[in-house]
Amino acid sequence: MTQVSDLNTQLVACGQDHLVDYLSKVTPDTARDAIAAQLLSIDFDDLGMLIEKYVRNYTPAASPASIAPAKYFSLDGDWDRDAFQAKGEELIRASKVACFTVAGGQGSRLGYDGPKGCYPTSCVSEKPLFQIFAEGIRRSQEKYGAVIPWYIMTSPLNHEATKSFFAEHDYFGLDSCNVMFFEQGVMPSLDAQSGQILMADPMHLATNPDGHGGAFKALAVSGALGDMKTRGIEHMSYFQVDNPLTRVVDPVFLGLHVFAPESSGEFSSKMVAKASWDEKVGVFCDVDGSTEVIEYSDMSDKLAKQTNADGQLAFNAGSIAIHAIGVDFIEKIVSNPEYALPFHRAVKKVGHFDLSTGQSVAPSENNAVKLEKFVFDGIPLASKSIVVETARVEEFAPVKNETGSDSIVSSKSIQTARAALWLEAVGVRVPRSADGSVDATIEISTLTAVCSDDLKGIVLPDAIDPGSTVTL
Ligand code: UTP
């Protein structure tokens with residue numbers, strides 16, 4: 001009971017009187033206690049301030065005063081790729097690198113009923129995303145004679161379903177003791193007008209995962225960070241669950257991250273040249289001397305359209321959400337409240353239970369504010385952060401939307417395009433249409449190759465037949 005009266009005080013302090021009233025009416029006591037327990041798990045310290053700032057009195061942040069394109073290691077730049085590759089390979093061979101996948105999102109745009117990592121994605125055999133990564137890790141472990149532990153962040157929405165999926169598929173051939181799942185935190189979803197916490201149904205608060213930036217705290221509180229330290233892991237290869245072309249461990253990138261003089265080995269990023277000025281990706285910028293990702297929605301059209309003398313977009317470095325992150329860096333930032341990542345607001349449709357009418361509501365318009373943290377807000381906390389260019393066709397084919405750009409259709413087409421390039425690089429003839437597109441559907445399993453060099457020495461056909469469907 002004491003706990004409930006403390007809770008009521010906290011609720012009133014951040015304008016949640018509707019819940020105090022509701023709790024007083026809920027019967028039996030066990031039901032009321034169950035709801036109170038959900039509320040008690042909320043961090044109320046900052047909630048009132050967050051509701052004021054992001055809901056009741058929201059004003060978009062002003063663009064930074066001094067903003068320039070970030071420098072990056074370009075694909076054709078004058079740096080010694082082979083030397084960094086060798087150094088990165090040493091790290092992987094020494095089992096100092098783990099994979100870290102954030103897979104706690106709601107995946108609402110894809111409209112798939114289940115964890116996004118279970119979505120059938122490879123272009124011929126329709127392997128789920130988790131399998132594509134798991135097999136890439138297996139191939140890399142064999143290649144480098146190393147153990148590469150895999151940490152997967154889930155959320156309460158999909159934790160059990162994700163774990164069961166791996167168990168049902170025997171961890172896709174990985175040793176289960178090297179695959180760790182942990183849950184990220186959640187935030188209450190808020191009514192966009194009043195800032196009131198919404199109920200999902202009469203017994204449950206409406207919540208949303210606290211963003212991929214919730215990863216830092218979740219790594220620490222779950223014990224994943226401690227596990228990495230025990231295993232001697234020094235760096236994480238970070239990637240999202242929705243990009244099947246991710247190289248699960250990339251020695252060149254890891255070599256640069258740890259050994260380039262421009263890098264502090266804390267937080268490094270990959271970029272691709274933007275497809276168009278209005279492509280919806282964040283852009284690496286230099287803000288007052290430190291590297292930051294500016295979201296596409298926060299960059300003015302004028303700046304986004306700016307070009308250099310050669311006609312290339314000035315703000316060209318599109319983020320593909322692939323990073324290398326030092327374990328010590330995570331420890332540093334989670335132990336210091338000064339480094340807490342900021343929240344961002346997203347206005348979305350959230351179905352809920354209306355306490356005043358006792359009815360469930362399926363809104364047709366955006367009605368709620370979700371508060372999320374973004375992992376890339378960690379970049380400016382690093383003392384020296386580098387950005388490394390990669391080719392879009394090599395590493396970026398995300399599955400985010402049901403149709404159109406970044407959909408399964410566009411992803412499969414890019415998967416084939418990459419497979420064709422890899423095959424041509426080792427002398428296989430690939431049929432192409434007049435416009436240069438590949439006249440076949442080609443899947444190269446991540447068990448066969450995680451980069452084009454892996455195809456050297458493998459028995460391959462001399463040519464791919466036009467219109468054929470091939471798996472290798
Ligand atoms: P997205 O920004 O694409 O969001 O996440 P989403 O939730 O998957 O999809 P939508 O916006 O609802 O359609 C990019 C990556 O970050 C992870 C996702 O699982 C995906 O790998 N993520 C996102 C988290 O792990 N937690 C979050 O709270 C949000």
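Order of appearance sets the numbers: ligands from 1, and atoms from 1 within every ligand.
For atom 15 (C) of ligand 1, the nearest non-hydrogen atom of the protein is Gln240 CD, 3.4 Å. Nearest protein neighbour of atom 26 (N) of ligand 1, counting heavy atoms only, is Gln184 OE1, 2.7 Å. Of all protein heavy atoms, the one closest to atom 16 (O) of ligand 1 is His212 CD2, 3.3 Å. When hydrogens are left out, the protein atom nearest atom 21 (O) of ligand 1 is Val102 O, 2.7 Å; that is the closest non-hydrogen contact. Among protein heavy atoms, the minimum distance from atom 25 (O) of ligand 1 is reached at Gly104 N, 2.8 Å. Looking from atom 24 (C) of ligand 1 to the surrounding protein, the closest heavy atom is Gly105 N, 3.3 Å. Of the protein's non-hydrogen atoms, the one nearest atom 7 (O) of ligand 1 is Gln106 N, 2.8 Å.
Ring pair Tyr151/Phe100: centre-to-centre distance not below 6.0 Å. In this structure, Phe165 has its ring center closer than 6.0 angstrom to the ring center of His169. Aromatic ring centroids of Phe166 and Phe130 lie under 6.0 Å apart.
With 3.5 Å as the limit, one finds no donor-acceptor pair spanning the side chains of Ser335 and Glu331.
Proximity of Gly214 to ligand 1 is not established, as no heavy-atom distance is less than 4.0 Å. Heavy atoms of Gly107 approach ligand 1 to within less than 4.0 angstrom.
Annotation for ligand 1: atoms under 4.0 Å from non-hydrogen atoms of Lys400 are 1 (P), 3 (O), 14 (C). Every atom of ligand 1 is numbered from 1 in the order shown, and the set under 4.0 Å from a heavy atom of Met153 is 25 (O). Those atoms of ligand 1 that come under 4.0 Å of a heavy atom in Val241, given as number and element, are 19 (O), 21 (O).
Across the listed options Glu372, Arg109, Lys348, Arg109 owns the non-hydrogen atom lying nearest to atom 2 (O) of ligand 1. Between the choices Ala103, Gly211, Ala218, Ser108, the shortest heavy-atom distance to atom 12 (O) of ligand 1 belongs to Ser108.
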Please lay out, stage by stage, how Leu174 and Trp150 fare under the test side chain to side chain contact (heavy atoms under 4.5 Å, CB included).
CA-CA 10 Å; Leu174 288 168; Trp150 188 13; 3.7 Å; yes
Walk me through it: do His235 and Val258 pass the test side chain to side chain contact (heavy atoms under 4.5 Å, CB included)?
CA-CA 9 Å; His235 298 277; Val258 177; 3.5 Å; yes
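A cation-pi arrangement is not found for Lys274 relative to Phe315, the charged atom failing to lie both closer than 6.0 Å to the ring centre and inside a 45° cone about the ring normal.
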Counting only pairs under 3.5 Å, give me each side-chain donor-acceptor contact of residues 341-348, with atom names and distances, residues two or more places apart or in other chains.
from: His344; atom 1: NE2; to: Asp377; atom 2: OD2; distance (Å): 2.6
from: Arg345; atom 1: NH1; to: Tyr54; atom 2: O; distance (Å): 2.6

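Between Phe374 and Phe376, the ring planes are tilted. Angles from 30° to 60° get that label.
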